[in-house]
Amino acid sequence: APAIRTRVKTVGFQVLTGGTAAMLDGLRGGAVGSVAAFAACAPQACYEVLAAWKDGDQALAAEKQQRLLEIARRIEDGLGVAGIKYGCDLNGFFGGVARPPLAPLGGKERAEVEAELADDPLFDEAEGGLGKARIAFGPFLILATLELLLIGRSRMAALFERLVSP
């Protein structure tokens with residue numbers, strides 16, 4: 001009888017940073033990615049920090065992080081889940097309303113999110129604003145990046161082919 005082959009791959013322990021404000025500090029500290037809540041409503045802006053870091057452009061990563069910092073703090077930290085969800089709705093994603101016991105945003109808070117996302121310089125860089133230059137299913141970008149890091153490009157492509165073929 002043929003011997004059974006066993007494949008062993010040592011992945012090791014990988015760390016993700018949490019929160020948009022700590023994204024670059026976490027990457028500098030050895031994290032391989034970030035789980036940034038603000039990426040749900042502005043994935044491209046968060047991805048640009050990670051992309052610049054992975055390209056080795058420390059200055060650009062720091063610039064992108066700094067420009068993202070204040071708007072993310074005002075929406076993510078200041079308005080919380082409801083602010084993120086409304087930001088998703090504004091940028092063409094489904095955010096919906098925050099579930100109880102969290103209260104939905106009032107008119108003043110909604111206007112604040114609209115103003116933040118419309119007036120921020122990050123949104124002027126892309127044609128039509130950052131919201132129109134979004135990556136579809138932004139929160140899933142993090143999961144796809146993790147899978148790619150863990151199993152490799154060729155296995156990821158093979159897995160995708162099996163999932164989409166009839």
Side-chain angles (χ1 to χ4, degrees), residues 9-81 83-96 112-164:
K9 181 175 181 180
T10 304
V11 176
F13 187 78
Q14 295 180 329
V15 175
L16 295 174
T17 182
T20 308
M23 190 166 27
L24 188 56
D25 290 335
L27 292 169
R28 287 179 178 148
V32 297
S34 178
V35 182
F38 196 65
C41 63
Q44 185 69 33
C46 294
Y47 174 75
E48 286 178 12
V49 176
L50 179 64
W53 171 259
K54 292 210 179 248
D55 287 345
D57 193 340
Q58 303 297 318
L60 182 60
E63 177 188 335
K64 296 288 185 181
Q65 173 73 48
Q66 187 60 39
R67 293 173 67 193
L68 182 62
L69 198 58
E70 283 307 310
I71 186 170
R73 279 191 178 149
R74 288 189 295 265
I75 294 176
E76 184 178 321
D77 297 341
L79 299 172
V81 172
I84 294 290
K85 286 179 165 283
Y86 188 62
C88 289
D89 288 338
L90 287 176
N91 283 336
F93 302 111
F94 177 75
E112 183 181 339
V113 173
E114 290 168 8
E116 290 290 344
L117 294 180
D119 293 339
D120 194 271
L122 286 167
F123 291 82
D124 295 333
E125 288 183 359
E127 182 182 328
L130 184 59
K132 294 188 174 64
R134 60 187 176 269
I135 299 170
F137 305 110
F140 298 105
L141 174 65
I142 296 167
L143 296 175
T145 303
L146 283 174
E147 286 183 275
L148 183 65
L149 289 170
L150 293 173
I151 68 173
R153 186 178 303 263
S154 61
R155 289 205 51 222
M156 187 80 166
L159 177 64
F160 180 74
E161 285 299 318
R162 284 195 317 218
L163 290 173
V164 297

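All figures in this text were calculated on a predicted structure; none of them were measured in a lab.
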S.K.: With rounding to the nearest 0.5 Å, note down the distance linking CG in Leu27 to CG in Leu16.
M.R.: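 Here the rounded value is 9.5 Å.
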S.K.: So, do Ile71 and Phe38 sit near enough that their side-chain heavy atoms are less than 4.5 Å apart?
M.R.: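 Yes, their side chains come closer than 4.5 Å.
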S.K.: List for me each residue that meets side chain to side chain donor-acceptor pair (under 3.5 Å) alongside Glu76, sequence neighbours excluded, and say none if there are none.
M.R.: Thr20
S.K.: Is there a donor-acceptor pair closer than 3.5 Å between any side-chain N or O of Asp57 and the backbone N or O of Ala52?
M.R.: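 Checking the backbone N and O of Ala52 against the side chain of Asp57, no donor-acceptor pair under 3.5 Å is found.
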S.K.: Lys85 and Gly95: which non-hydrogen atoms are nearest, and at how many Å?
M.R.: NZ-O, 3.0 Å
S.K.: Using a 4.5 Å cut-off on heavy atoms from C-beta on, say whether the side chain of Trp53 contacts that of Gln58.
M.R.: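 Yes, their side chains come closer than 4.5 Å.
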S.K.: Looking at Arg73 and Ala21, what are the two nearest heavy atoms and their distance?
M.R.: NE-CB, 4.1 Å
S.K.: Which residues pass the salt bridge (charged side-chain N to carboxylate O under 4.0 Å, His left out) test with Asp77, not counting sequence neighbours?
M.R.: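 Once residues adjacent in sequence are excluded, Asp77 has no partner under the salt bridge (charged side-chain N to carboxylate O under 4.0 Å, His left out) criterion.
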S.K.: State the CG-CD distance between Leu60 and Gln65, to the nearest 0.5 angstrom.
M.R.: 12.0 Å
S.K.: Hey, what do you get for OH (Tyr47) to NZ (Lys64), rounding to the nearest 0.5 Å?
M.R.: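 Tyr47 OH to Lys64 NZ: 12.5 Å, rounded to 0.5 Å.
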S.K.: Once you round to the nearest 0.5 Å, how far does SG of Cys41 lie from CG of Leu90?
M.R.: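 It comes to 8.5 Å.
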S.K.: Could you check if a side-chain atom of Glu48 sits within less than 4.5 angstrom of a side-chain atom of Leu68, using non-hydrogen atoms only?
M.R.: no
S.K.: Quick check for you: to the nearest 0.5 Å, what is the distance between Leu24 atom CG and Gln66 atom CD?
M.R.: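 Reported to 0.5 Å precision, the distance equals 10.0 Å.
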S.K.: Closest approach of Ala36 and Cys46, non-hydrogen atoms and distance?
M.R.: CB-SG, 4.4 Å
S.K.: Do Thr17 and Val35 have side chains that approach each other closer than 4.5 Å (heavy atoms only, starting at C-beta)?
M.R.: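 Side-chain contact under 4.5 Å: no.
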